[in-house]
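All residue numbers refer to positions in the sequence shown, counting from 1. Here the structure is a predicted model, which means the values were calculated and not measured.
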Amino acid sequence: EQVSSVRILALAKDTLEKCWGVEKAAYIEWISYKDGVIRLRSHAPAAKQELHTWEVRLINELNRTLGGKKVTAFREVT
């Protein structure tokens, strides 16, 4: 089943908001999704560091919700 990049990015945003709260999650901007990689931008060094700590947990949660291994990594863009 083809899952749209728009759906994956929206799900990533929602998942992070549930884990961190809306205010804190706002420091992460979800840019794009292609070939398993979500590209994002962090607007605070602390958010970038914490996202790295949460990365495996968030990816597992996204894939569980999507029903397959659709997301393999996060990559920060500048």
In residues 42-49, what donor-acceptor pairs under 3.5 Å come from side-chain atoms, sequence neighbours left out?
unit_1: S42; atom_1: OG; unit_2: A44; atom_2: N; d: 3.4
unit_1: S42; atom_1: OG; unit_2: A44; atom_2: O; d: 2.8
unit_1: S42; atom_1: OG; unit_2: K48; atom_2: N; d: 3.2
unit_1: H43; atom_1: NE2; unit_2: E29; atom_2: OE1; d: 2.8

L9, Y27: one ILVMFWY side-chain cluster at the under-4.5 Å cut-off?
-> no
Only counting residues at least two apart or in another chain, list the ones meeting ring pair (Phe, Tyr, Trp, His ring centres under 6.0 Å) with Y33.
-> none
For L62, does its backbone N or O pair with a side-chain atom of T15 as donor and acceptor, under 3.5 Å?
-> no
F74-W30 aromatic ring centre distance below 6.0 Å | yes
Please walk me through it: do L16 and K18 pass side chain to side chain contact (heavy atoms under 4.5 Å, CB included)?
-> CA-CA 5 Å; L16 189 63; K18 286 176 189 164; over 6 Å; no
Just how far is it from atom NZ of K13 to atom CD1 of I38, taken to the nearest 0.5 Å?
-> 13.5 Å
Tell me whether W54 is reachable from V71 by hopping between hydrophobic residues (I, L, V, M, F, W, Y) whose side-chain heavy atoms are closer than 4.5 Å.
-> yes
Calculate, to the nearest 0.5 Å, the distance between atoms CD1 and CG belonging to I8 and L11 respectively.
-> 8.0 Å
Do NZ/NE/NH1/NH2 and the carboxylate oxygens of E61 and R57 come within less than 4.0 Å?
-> no
In sequence, state the C-alpha distance, the side-chain angles, and the governing distance for D35 and T72, and then conclude on side chain to side chain contact (heavy atoms under 4.5 Å, CB included).
-> CA-CA 8 Å; D35 298 330; T72 57; over 6 Å; no
Flag the pair E50 and K24 as a salt bridge only when some basic side-chain nitrogen lies within less than 4.0 angstrom of an acidic carboxylate oxygen.
-> yes
